[in-house]
Amino acid sequence: TPPRFGALCPRCKSLERHRLYALALRNGALGLNPSTRLWHFAPEPTIPNLVRDKVGTYTTADIMRGALDLTLDIEKIDLPDESYDVVICNHVLEHVEPTKALPELFRILSPGGLAALSFPIVEGWEETYRDASITSREDRKWHFLQGDHIQIYGRSILKMIRQTGFELTELTTPPKLFVRHGLLPGEKIFMARKPAGEKAP
């Protein structure tokens, strides 16, 4: 919402955000290697096959879905500190409370570890749009673009990521790749890295 013509690949069923991750993985942006411990929250069907053979440990999790490795709440992750080296969290944070989820992601990452985060954001807005009185799926669809979203982020989410302790960089694609691969212009993966030597608070 709104409709995006050509968003769905007829062959692999990927959407724009999946293809952006595929390009990032192809370019080595996530720094995966045979010793990497990778944690993927709410994995989309298109991504696991791209990463599973590139890492030493690949663990999937969600709060409710079956057929995954773990059932976990991203706002209260029942895992030890520094359990993983890379986290993929693709279009999850718009569903949850970031003040709870971000510290948990920071905690479970090893020093120098990376959280690859993507979410809808309107960078022309300073503050996140959120209204706790909007609770029905239909109303949330109109206000937050999807019935199970609870917010649309503004630039303040980037400040929040940094305040959690992450070093933040942004990955996007140049115009020719956006056209060739059917991406959303300007869509980003926010690369949140836990500083080396940093311990969980």
Side-chain angles (χ1 to χ4, degrees), residues 12-119 153 157-158 160-173 187-201:
C12 70
K13 308 304 180 187
S14 66
L15 294 172
E16 303 98 334
R17 61 181 182 263
H18 308 139
R19 296 190 288 275
L20 181 58
Y21 267 86
L23 288 171
L25 290 163
R26 179 186 297 175
N27 295 333
L30 273 65
L32 304 182
N33 62 64
S35 67
T36 300
R37 300 168 299 168
L38 173 61
W39 191 70
H40 191 174
F41 192 83
E44 308 85 340
T46 56
I47 294 180
N49 290 338
L50 301 177
V51 298
R52 195 183 305 274
D53 295 337
K54 293 181 173 63
V55 298
T57 302
Y58 178 65
T59 306
T60 57
D62 202 339
I63 193 170
M64 62 181 67
R65 283 166 51 191
L68 299 179
D69 298 316
L70 300 171
T71 301
L72 293 172
D73 182 351
I74 199 171
E75 296 181 3
K76 191 176 181 181
I77 302 171
D78 187 18
L79 291 171
D81 294 355
E82 303 178 8
S83 298
Y84 290 94
D85 307 307
V86 175
V87 167
I88 295 178
C89 190
N90 187 12
H91 280 245
V92 173
L93 292 180
E94 63 270 27
H95 300 262
V96 301
E97 175 51 63
T99 59
K100 297 179 181 178
L102 288 170
E104 285 290 87
L105 294 176
F106 189 88
R107 180 183 64 79
I108 68 166
L109 278 170
S110 60
L114 175 70
L117 311 173
S118 55
F119 41 80
Y153 288 112
I157 184 60
L158 307 182
M160 186 182 297
I161 293 170
R162 292 187 177 98
Q163 288 176 336
T164 302
F166 287 109
E167 298 170 346
L168 187 63
T169 58
E170 301 175 4
L171 186 154
T172 189
T173 53
E187 187 174 18
K188 299 175 181 177
I189 301 174
F190 295 96
M191 311 293 271
R193 189 170 295 281
K194 184 174 181 176
E198 189 79 19
K199 297 292 184 180

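All values derive from a computational prediction rather than experimental measurement.
A donor-acceptor pair under 3.5 Å is formed between the side chain of Arg19 and the backbone N or O of Ser14. The main-chain N or O of Leu168 is never found under 3.5 Å from a side-chain atom of Arg193 such that the two would form a donor-acceptor pair. Side chain of Arg107 to backbone of Ile77: a donor-acceptor contact under 3.5 angstrom is found. With hydrogens and angles disregarded, a donor-acceptor distance shorter than 3.5 Å links the side chain of Thr60 to the backbone of Asp69. Side-chain atoms of Asp85 never come within 3.5 Å of backbone atoms of Gly113 as a donor-acceptor pair (strictly under, hydrogens ignored). Checking side-chain atoms of Thr164 against main-chain N and O of Pro103 turns up no donor-acceptor pair under 3.5 Å. Using a distance-only test at 3.5 Å, with no hydrogens or angles considered, no donor-acceptor pair links the side chain of Lys54 to the main chain of Asn33.
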Next item on the list: Verify side-chain contact (heavy atoms from CB on, under 4.5 Å) between Phe41 and Asp62, making sure each step is shown before the conclusion.
Entry: CA-CA 6 Å; Phe41 192 83; Asp62 202 339; 3.9 Å; yes
Note to self: Assess the residue pair Leu102 and Leu93 against the criterion (side-chain contact (heavy atoms from CB on, under 4.5 Å)); give the C-alpha distance rounded to whole Å, side-chain angles, the decisive distance to 0.1 Å, and a yes or no.
What the structure shows: CA-CA 9 Å; Leu102 288 170; Leu93 292 180; 4.1 Å; yes
Notebook entry, point to check: Stepwise, does the side-chain contact (heavy atoms from CB on, under 4.5 Å) test hold for Glu44 with Asn90?
Noted result: CA-CA 8 Å; Glu44 308 85 340; Asn90 187 12; 2.8 Å; yes
Next item on the list: Test side-chain contact (heavy atoms from CB on, under 4.5 Å) on Thr57 and Leu38 and set out the steps.
Entry: CA-CA 6 Å; Thr57 302; Leu38 173 61; over 6 Å; no
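Contact of the Leu68 side chain with the His40 side chain is not registered, since no non-hydrogen atoms from C-beta on lie closer than 4.5 Å. For the pair Cys89 and Ile74, the minimum side-chain heavy-atom distance is below 4.5 Å. When side chains are defined from C-beta on, Leu79 counts as touching Trp39, because their heavy atoms get closer than 4.5 Å. For the pair Tyr58 and Pro48, the minimum side-chain heavy-atom distance is below 4.5 Å. Two residues are said to be in side-chain contact when any heavy atoms from C-beta on lie closer than 4.5 Å; Leu25 and Val51 meet this criterion. Using a 4.5 Å cut-off on side-chain heavy atoms (C-beta onward), Leu109 and Phe166 make contact. When side chains are defined from C-beta on, Thr59 counts as touching Leu70, because their heavy atoms get closer than 4.5 Å. Side-chain contact between Asp81 and Ile108 is absent, with no heavy atoms from C-beta onward closer than 4.5 Å.
Between the OG1 atom of Thr172 and the CD1 atom of Ile189 there is a distance of 9.0 Å, given to the nearest 0.5 Å. Here the NE2 atom belonging to His91 is positioned 9.0 Å from the CG atom belonging to Leu15, to the nearest 0.5 angstrom. Remark: Thr173 OG1 to Leu20 CG distance equals 6.0 Å, nearest 0.5 Å. We find the OG-CD distance between Ser118 and Glu94 to be 7.5 Å, quoted to the nearest 0.5 Å. Here Tyr21 contributes atom OH and Leu171 contributes atom CG; the two are 9.5 Å apart, rounded to the nearest 0.5 Å. Here the OG atom belonging to Ser110 is positioned 5.5 Å from the CZ atom belonging to Arg37, to the nearest 0.5 angstrom.
Salt-bridge annotation for Glu170 and Lys188: present, with a side-chain N of the basic residue lying under 4.0 Å from a carboxylate O of the acidic one. In summary, Glu97 and Lys100 do not engage in a salt bridge, as defined by a charged side-chain N under 4.0 Å from a carboxylate O.
The two atoms that bring Met191 and Ala29 nearest to each other are CE-O, 3.4 Å, heavy atoms only. Taking both residues in full, the closest heavy atoms of Ala192 and Ile161 are given as CB-CG2, 3.9 Å, listed atom of the first, atom of the second, then distance. Closest non-hydrogen pair, Thr46 versus Cys12, comes out as CG2-O, 3.5 Å.
Counting only residues at least two apart or in different chains, salt bridge (Lys or Arg N to Asp or Glu O under 4.0 Å) contacts with residues 70-80 are absent.
In this pair, Phe119 and Tyr153 present their aromatic rings perpendicular. The plane angle is above 60°, beyond the 30 to 60° band.
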